[in-house]
Amino acid sequence: MEPGFTLRLDNRLLELDRLADAVETFGEAHGLAAKLRFQVRLVLDELLTNIITYGYGDDDTHSIAVAMGQEGRRLRFVIEDDARPFDPLTAGAPDLGSTAEQRQIGGLGIHLVRTIMDRVAYERVGGTNRLILEKDID
Amino acid sequence: MQLVEKESGEVTVLELGGRLDSNTSKVLEDKVMEILGQGKKKVLMDFKDVDYINSTGLRVLLLALQQLKKTQGKLVLSTIKDYMKEVFEISGYTEIFPIYATQEEALGHFA
């Protein structure tokens, strides 16, 4: 992986503004098109929002690491947190075929992540959730 | 997030700008509830200046649509930036929302 960088965020939703800025900087440095920058920001936002909102059973401050890098024509992101074990790959997909009236509100974030990214892998190492995400550049 | 409310005949037009995310979508949700409380049934959301939306923002749109459908109301969307359109497709929203390229075309939906 070419030298990227790692962002450390506290488990507060306002930290997502820093994430947005970091993705913008990363996108500019790597010459990513507007759509790809949006996709990356969205995917990381959805995952971090989930971790911050649902991941912790206490009121303590926790640090979440988000590494961003590029390897040839492939972008690679690694999220590491000490939240409760959660594998996004096991989350059920929302029923997108139902009518507007019947459609369930929720479950969309993880669906977006899995659809937009080309590869997603999860592992629990010690007390850490590690999510590895890859996106091919067209 | 920026939000400007306008009336065009019987249609309530919400011109949106900025980000529709976890920190801002509540503003739109509150506005939608206020509009519904006034008994309005024709709503157009113009995304002309929206540069970011996530699942929290998308959820508010579905909530608004579901509330409006209960009163035979309509919600129409317009002017979504090209780079964001894919997210509306992945979410299945292109199947349940009328989406137009411009606000003028979207207003035609209510004619």
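Throughout, a chain's letter reflects where its sequence line sits, starting with A, and its residues are numbered from 1. Here the structure is a predicted model, which is why all the values come from computation and not from measurement.
- Interface with chain A: from residues 95-111 of chain B, residues B:Ile96 qualify, criterion being any non-hydrogen pair under 4.5 Å.
- Ion pairing of A:Arg119 with A:Asp136 is present here, as a side-chain N (NZ or NE/NH1/NH2) and a carboxylate O approach within less than 4.0 Å.
- Between the A:His111 side chain and the A:Leu96 main chain, no donor and acceptor come within less than 3.5 Å of each other.
- For B:Ser22, the part lying under 4.5 angstrom from a heavy atom of chain A is the side chain only.
- Salt-bridge formation is detected for the pair A:Asp17/B:Arg19: a Lys NZ or Arg NE/NH1/NH2 atom is positioned less than 4.0 Å from an Asp or Glu carboxylate oxygen.
- Listed by chain and number, the hydrophobic cluster partners of A:Tyr54 come to none, as no ILVMFWY side chain reaches under 4.5 Å of it.
- The pair A:Arg18-A:Asp21 does not count as a salt bridge, with every side-chain nitrogen at least 4.0 angstrom from each carboxylate oxygen.
- Judged by the 6.0 Å distance and 45° axis criteria, A:Arg41 is positioned over the aromatic ring of B:Tyr52.
- Residue contact with chain A, scored on non-hydrogen atoms closer than 4.5 Å, involves the backbone and the side chain of B:Asn54 alike.
- Close placement of the A:Phe77 and A:Phe26 rings is indicated, their centers lying within 6.0 Å of each other.
- For residues 4-18 of chain B, a heavy-atom distance under 4.5 Å to chain A picks out no residue at all.
- Side-chain atoms of B:Asp46 do not come within 3.5 Å of backbone N or O of B:Ile80 as any donor-acceptor pair.
- Of the possible polar contacts, one joining the A:Thr90 side chain to the A:Asp87 backbone as a donor-acceptor pair under 3.5 Å is found.
- Looking only at distances, no side-chain donor or acceptor of A:Asn129 sits under 3.5 Å from a matching main-chain atom of A:Asp82.
- Proximity to chain B (any heavy atom under 4.5 Å) is shown, for A:Glu101, by both the backbone and the side chain.
- For A:Asp58, the CG atom is densely surrounded, since the number of other residues' heavy atoms within 6.0 Å is greater than 12.
- At a cut-off of 3.5 Å, with distance as the only test, a side-chain donor of A:Glu46 or B:Ser55 sits close to an acceptor on the other residue.
- In this structure, no portion of A:Leu36 lies under 4.5 Å from any heavy atom of chain B.
- Along residues 65-76 of chain B, the residues that come nearer than 4.5 angstrom to chain A, judged on non-hydrogen atoms, are B:Leu65, B:Gln66, B:Lys69 in order of number.
- In summary, A:Glu71 and A:Arg76 do not engage in a salt bridge, as defined by a charged side-chain N under 4.0 Å from a carboxylate O.
- Side chain of A:Arg114 to backbone of A:Val120: no donor-acceptor contact under 3.5 angstrom is found.
- Taking the six-membered ring where tryptophan is involved, the planes of B:Phe88 and B:Tyr93 are perpendicular, since the angle between them exceeds 60° and thus also 30°.
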